[in-house]
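Before any comments, here is the structure.
All chains are named by letter (A, B, ...) in the order of the sequence lines, taking the proteins before the strands, and each is independently numbered beginning at 1.
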Protein chains: 2
Amino acid sequence: MNTPIIVAIVEDKDDIRQSLAILVNGADGFVCKQTYVNAEDALDDLTRYPVDVVLMDIDLPGMNGIECVRLLKPRHPDMQFMMCTIYDEEEKVFEALKAGANSFILKRSSPARLLDAIRELHDGGSPMSSSIARKVVGSFFNVPAPAEAERNTELDILTPREREILGRLSKGYSHKEVADELFVSPTTVRKHIFNIYEKLQVHTKVAAVNKYLNRTNL
Amino acid sequence: MNTPIIVAIVEDKDDIRQSLAILVNGADGFVCKQTYVNAEDALDDLTRYPVDVVLMDIDLPGMNGIECVRLLKPRHPDMQFMMCTIYDEEEKVFEALKAGANSFILKRSSPARLLDAIRELHDGGSPMSSSIARKVVGSFFNVPAPAEAERNTELDILTPREREILGRLSKGYSHKEVADELFVSPTTVRKHIFNIYEKLQVHTKVAAVNKYLNRTNL
DNA sequence: GGCTCAATACTCCATTTGTATGATTTTTGC
DNA sequence: GCAAAAATCATACAAATGGAGTATTGAGCC
C-alpha cells in the first residue's frame, strides 16, 4: 500500500458525517482527517489544505454543496468532488456537473460501493449511481439548450446606474476612478455607493461585490 | 423471481458472443435467446421481436452498433441499449449517446458487474464504466483544463496564515474583525494584508479578493 | 400641477485602510 | 544548531471610505 487517498467530508448531519468518517478511516488506503458541518468552513479550509477527494452533501445549511464546489474546483482542479444526495433531483445534478462535480452517488449506496467509488474517482473515473447516470445520458438524446445561469434577484432593486457603479467596484476601482470613468464627481459616486449599501444591506465594498457576484454567503 | 429480463446480444466475435450468452443464461432472472453476428440481422430481427435489453458491440463489420441503435431506438423506445466497447473512445461515446444508447460498459468488466449492469439498466438506471462517465461528466464542466500547469499559482506564494486572512477578507470582514477572530492585534492583520498585497501586486481589498476567488477577468 | 424617483452634487466627521519603517519572537528546513 | 521564513506587534501619516444630512434637476406618472 502506497500513499493513502486523502478524503474530506462535508455533511451537516452529525450521525452521517461520523459514520462516513469511520467507514473511510477504517478502510485500507483511505484516510479522512478533515470533516466539515457546513460549506463555509469547508470552502475556507479546503482552499488552504486541499485533499484528494471530497464527499460533498448537496443540501447544506447556508451555502449549498454545489456552490461550494463551484468555488473550490477552479482553485484546485485536481481535487475530486463526489456529490452525495438522497434523491436524484434532476436540476441539481446538472447544476452540480456544471459547477465541476466529478461524481454522484446516492446516500443509500452500500459502504463497499462507496469505497469502490472513491477509489474509482481517485483513479480518474466518474462513478455514478445509475439512476443519476440515466438523467445525464438522457440529456444527450434531446439536445438540451444549456440553461442560463440563475440570476440574483437582489440586484433588480438597484437602478442601472447603481449596477454600473457596482460593476466597476467589483474590479477593484476606487471612488475616484469610478468617478473619472463615468464623468461625474466622486461625491456622486459615493452617494450612489451609499444607496447601494442600503439596498443590499451591507456596509463594505467587499460585501457589496460579493452580492453583485452572487457570492452572497461565502 | 418473476419474469426474467430478456436480453439480446449483438457481437461479431464468436467467442465473446457465446461467453456472454452463457453468462446471461446461466444467471437467475436473465434469458438470452437472440444473438446476432452483425447489425443488419439484429436490426431486422429486433424490429419484429423486441427484447428488454440489448448488449451492443460498437465495432461491427458493415453497419456499426451506433447506427443500429439509431435506427432501433425510435422504433422501440423502451428497449435498453448497453454499448460494449474495448476502449472508451470519446467521440464514439457521445455519438452513441445521441443515437439513444442508455448504458456503457467496457468489455473488461467482470461478469458479476455485467449482470449487475443489465439489471440496473432494466430497472431504469444507466450504468456506466466510470472512465466513460468521466468523459460525459467532463463535457458539462467547460474549464479548458487548467489541469496542473497553469493553476492559480499566485495563491501558492502566500503563507497559510496569509491565505487564512485573505479568506476572511473575502467575507467582507474588516481588519479588526479578522484580528478578533484570530486573536491577534489589528496591527498584525494589517501587516499580513500589506504583505499579501505585495505578493499579489494589488492595492485594495476588492482586488485581492478577486484574485483569491479567481475572478481576474471580470 | 403635484408627486416620486433617479441622478447629480456638496459638506462635515469618524473610522478604516494603505503605506512605510522597524523590531521581536516562533517555526521551519537543512 | 543555524539561517531563513513566518508570525507577531508598534508607531505614524495620508488617503480612502462609511455615514449623515441637504439640495437641485429632469423624467415619468396620475
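- Whole-Å rounding puts the B:Ile193 CD1 to D:dA7 P distance at 14 Å.
- Looking at A:Lys199 and A:Glu162, a side-chain N of the basic residue comes within less than 4.0 Å of a carboxylate O on the acidic one, giving a salt bridge.
- Look at NZ on B:Lys205: it is 12 Å from C1' on C:dT15, rounded to the nearest Å.
- Between B:Leu169 atom CG and C:dG18 atom C1' there is a gap of 13 Å when expressed in whole angstrom units.
- Across all strands, B:His175 comes closer than 4.0 Å only to sugar-phosphate atoms, never to a base (heavy-atom distances).
- Checking D:dA7, C:dA7, C:dA20 against every side-chain atom of B:Phe194, the shortest atom distance belongs to C:dA20.
- When the C1' atom of D:dA15 is taken as reference, atom CZ of A:Arg190 falls 11 Å away, rounded to whole Å.
- The nucleotide whose nearest atom lies closest to any side-chain atom of B:Thr187 is, among C:dT17, D:dT8, D:dA10, D:dA10.
- Salt-bridge check for A:Asp57 with A:Lys107: passed, with a basic side-chain N closer than 4.0 Å to an acidic carboxylate O.
- At a threshold of 4.0 angstrom between heavy atoms, the contacts of B:Ser185 are confined to the sugar-phosphate backbone, with no base atom among them.
- Using a 4.0 Å heavy-atom cutoff across all strands shown, B:Ser174 reaches sugar-phosphate atoms only and no base atom.
- If you measure from atom CG of B:Leu182 to atom P of D:dA7, you get 11 Å, rounded to the nearest angstrom.
- Ionic pairing of A:Asp116 and A:Arg113 is not present here: no N-O contact between side-chain nitrogen and carboxylate oxygen is shorter than 4.0 angstrom.
- Looking at A:Asn25, its side chain does come within 3.5 Å of a backbone N or O of A:Cys32 through a donor-acceptor pair.
- Distance NE2 (B:His203) to P (C:dT17): 18 Å, rounded to an integer number of Å.
- Remark: P of C:dA6 and CD of A:Glu198 are 12 Å apart, rounded to the nearest angstrom.
- A:Lys176 comes within 4.0 angstrom of no nucleic acid atom, judged by non-hydrogen atoms across all strands.
- For the pair A:His192 NE2 and C:dA9 C1', the computed distance is 10 Å after rounding to whole Å.
- Put simply, CG on B:Asn210 and CG on B:Leu200 are 11.0 Å apart, with the number rounded to the nearest 0.5 Å.
- Nearest-nucleotide mapping onto DNA chain C: of B:Tyr197 and A:Glu162, the residue sitting toward the 5' end is A:Glu162.
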